There are 2 protein chains.
Amino acid sequence: MAREPETLAATDGRLPGRRGQATRQRLLTCTAELLEGTPWRSIKVIDIARQAGTSPATFYQYFENVEQAILVLAEELTEGAGQLAALVDGDWSEEAGWDTARQVVRGFMDYWEANRAVFRVVELATEEGDLRFRGLRVRALNAVTVTLARVVAGAAPKGSPAGDDPMTVAATLISMLAHVAAHRYGYEFWGIRTDSLVDSQARILLWSVTGRTAPAGSEGAVPAPRSGPVVGGGAARARTDAARRAARRVSE
Amino acid sequence: MAREPETLAATDGRLPGRRGQATRQRLLTCTAELLEGTPWRSIKVIDIARQAGTSPATFYQYFENVEQAILVLAEELTEGAGQLAALVDGDWSEEAGWDTARQVVRGFMDYWEANRAVFRVVELATEEGDLRFRGLRVRALNAVTVTLARVVAGAAPKGSPAGDDPMTVAATLISMLAHVAAHRYGYEFWGIRTDSLVDSQARILLWSVTGRTAPAGSEGAVPAPRSGPVVGGGAARARTDAARRAARRVSE
DNA sequence: TGCCGTTCCTGACGGTTCGTCAGCCTCTGG
DNA sequence: CCAGAGGCTGACGAACCGTCAGGAACGGCA
């Protein structure tokens with residue numbers, strides 16, 4: 001139960017030196033790459049080790065198992081979520097509200113996009129009751145949800161049209177944003193364009209927060225965000241053993 | 001690629017007789033039970049076989065792998081989704097709209113609740129690009145999404161306040177419903193009550209469909225649905241080898 | 001330069017699960 | 001009671017797991 005700074009301690013307790021850190025990082029990078037193009041359950045330690053040009057035993061020197069390595073990867077993403085909160089905490093006035101809404105939606109989609117593979121695992125593990133991943137997820141989304149709740153409470157003193165409890169409204173909206181972002185490709189596959197999704201979500205968001213309806217004829221160009229793109233490392237694809245194993249299974 | 005009626009053909013081509021069907025069904029039931037209380041990736045064929053009082057080889061006589069067995073389970077759920085479409089295709093008039101909205105939301109939550117374990121796998125496999133699961137998911141949600149799109153187009157001829165394209169609006173709303181339903185326990189853990197979530201989602205739904213705001217002071221009692229509870233088999237929990245294996249891993 | 005302790009890595013091993021046979025058991029119809 | 005189709009399983013090679021003890025690389029010091 002003890003909560004250690006699990007950043008750098010190796011499994012035997014000692015904290016690694018420079019070379020060890022490098023190896024550890026290499027293993028993490030390879031894990032991320034594999035995750036990108038492989039069903040998560042078919043990632044084997046041996047694949048990661050091969051990819052990193054080392055032996056399975058080395059992997060176990062730094063991580064208990066694949067899951068824990070992914071947990072570390074996910075930990076790194078938590079920080080990027082703070083930028084989402086900053087977007088939410090923007091200008092919801094009569095003039096700027098609509099732009100803010102669209103920037104929030106777009107920010108969510110970009111953030112998800114950049115970290116899609118890791119999020120998949122976080123979602124699943126959370127739903128399966130893994131407390132470590134749940135805690136992580138809460139931490140990542142808590143900031144932005146609480147911020148949104150505060151904005152809702154502030155912008156609509158008499159209560160949002162979407163409900164009396166700001167926290168509930170915020171949670172509902174964040175759910176929408178997260179799920180649509182996660183299934184974006186699915187929708188495009190279905191012929192629903194991303195721009196259209198952004199517009200629709202932004203309208204719901206604006207209304208829920210301020211009670212106002214989006215200005216007419218405003219679909220189309222999304223304003224550039226005030227800051228640069230949201231954090232996130234897109235790993236290069238790699239056609240690996242694990243990917244091949246998985247492909248074989250699907251192609252029946 | 002050939003699309004067979006994968007309902008009853010055994011792996012060797014022959015279609016099983018009465019006894020075989022029973023065994024197959026027993027294996028499916030045990031798979032569902034295990035899925036209920038076990039992280040999906042740690043379900044082993046040997047667990048299912050033991051639970052069913054048979055040998056692993058028998059399992060392979062009826063299914064290619066665990067994944068395919070779950071696919072069959074998921075296939076059975078698709079039918080229940082039709083009832084959701086029926087709920088959506090209700091009375092959205094001035095008087096009844098609010099009740100309809102709440103019933104839809106409640107129906108979604110019940111449906112998800114009853115089939116939580118299977119849905120987890122469907123979601124993950126879909127996001128990982130498994131076309132069999134994606135097709136299944138599309139089929140399951142397509143009916144209700146298309147119905148909702150039609151309702152949106154009909155109820156707000158000048159365009160929904162949530163966007164111009166009814167299909168996009170419907171997809172966005174279904175996303176919200178699905179994700180909130182999936183994370184319901186997470187929210188309760190967070191102190192957000194389910195009733196409150198139902199209220200909030202129903203408000204957004206009503207507004208998006210009709211452009212109207214929910215009647216004031218209406219939170220609280222949710223009207224009983226017109227029909228009985230939505231289909232879905234809740235399997236009994238079972239403390240199994242697989243569950244124990246998983247527990248050991250989490251408890252560090 | 002050569003020595004030596006520390007840090008890092010790996011070959012090899014016992015154990016578990018996988019997926020696949022050939023062959024045995026069990027029903028049923030004649 | 002028998003024949004044969006249908007149903008089941010023991011046993012096996014292969015893959016991966018997780019863990020050692022011990023070898024290789026490194027870096028400080030005389």
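In what follows, chains carry the letters A, B, and so on, assigned in the order in which the sequence lines appear, proteins first and then strands, with residues in each chain numbered from 1. In this text the structure is predicted, and so the values were computed from the model without any measurement.
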Q) Hey, does the side chain of T54(A) come within less than 4.0 Å of dT10(C)'s phosphate (OP1/OP2), counting only N and O? A) yes
(Q) Could you tell me how far apart R24(A) (CZ) and dC9(C) (C1') are, to the nearest whole angstrom? (A) 17 Å
Q. Quick one: OG on S42(B) to CD on E128(A), what's the gap to the nearest 0.5 Å?
A. 7.0 Å
(Q) Side-chain N or O of S55(B) versus OP1/OP2 of dC8(D): is the shortest distance under 4.0 Å? (A) no
(Q) If I take atom CZ in residue F63(B) and atom P in nucleotide dG19(C), what distance separates them, rounded to the nearest angstrom? (A) 14 Å
**Q.** Distance, rounded to the nearest Å, where L27(A) contributes CG and dC9(C) contributes C1'
**A.** 11 Å
Q | Spacing of Q61(B) atom CD relative to dC21(C) atom C1', expressed in whole Å | A | 12 Å
Q: Check the distance between dG6(D)'s P and Y62(B)'s OH and give it to me in whole angstrom.
A: 12 Å
Q. Given the rule in the side chain to side chain donor-acceptor pair (under 3.5 Å) test, do E113(B) and Y185(B) qualify, once you have shown the distances and angles that lead to the verdict?
A. CA-CA 10 Å; E113(B) 187 57 40; Y185(B) 285 140; 2.8 Å; yes
Q) Does T23(B) have a side-chain nitrogen or oxygen under 4.0 Å from the phosphate oxygens OP1 or OP2 of dC8(D)? A) yes
If you restrict it to nitrogen or oxygen atoms, what contacts under 3.5 Å exist between nucleotides 18-26 of chain D and the protein, and what is each distance?
| unit_1 | atom_1 | unit_2 | atom_2 | d |
| --- | --- | --- | --- | --- |
| dG18(D) | OP2 | Y60(A) | OH | 2.3 |

**Q.** Gap separating the OG1 atom of T29(A) from the CD atom of Q51(A), nearest 0.5 angstrom
**A.** 10.0 Å
Q: Using atom CZ of R50(B) as one end and atom P of dT17(C) as the other, report the distance to the nearest whole Å.
A: 7 Å
Q | E67(B) CD - dG19(C) P separation (whole Å) | A | 11 Å
Q | Between P of dT16(C) and CG of D47(B), the distance in whole Å | A | 13 Å
Q.
How long is the straight-line distance from CZ of R137(B) back to CG of L77(B), given to the nearest 0.5 Å?
A. 13.0 Å
**Q.** L84(B), V169(B), V88(B), L177(B) screened by side-chain contact (heavy atoms from CB on, under 4.5 Å) with L148(B), the one that passes
**A.** V88(B)
Q) Distance from I70(B) atom CD1 to L34(B) atom CG, nearest 0.5 Å? A) 9.5 Å
Q: Name all residues meeting the ring-ring contact (aromatic ring centres under 6.0 Å, His included) criterion together with H179(B); count only those two or more places apart in sequence or in a different chain, and write none if there are none.
A: H179(A), H183(B)
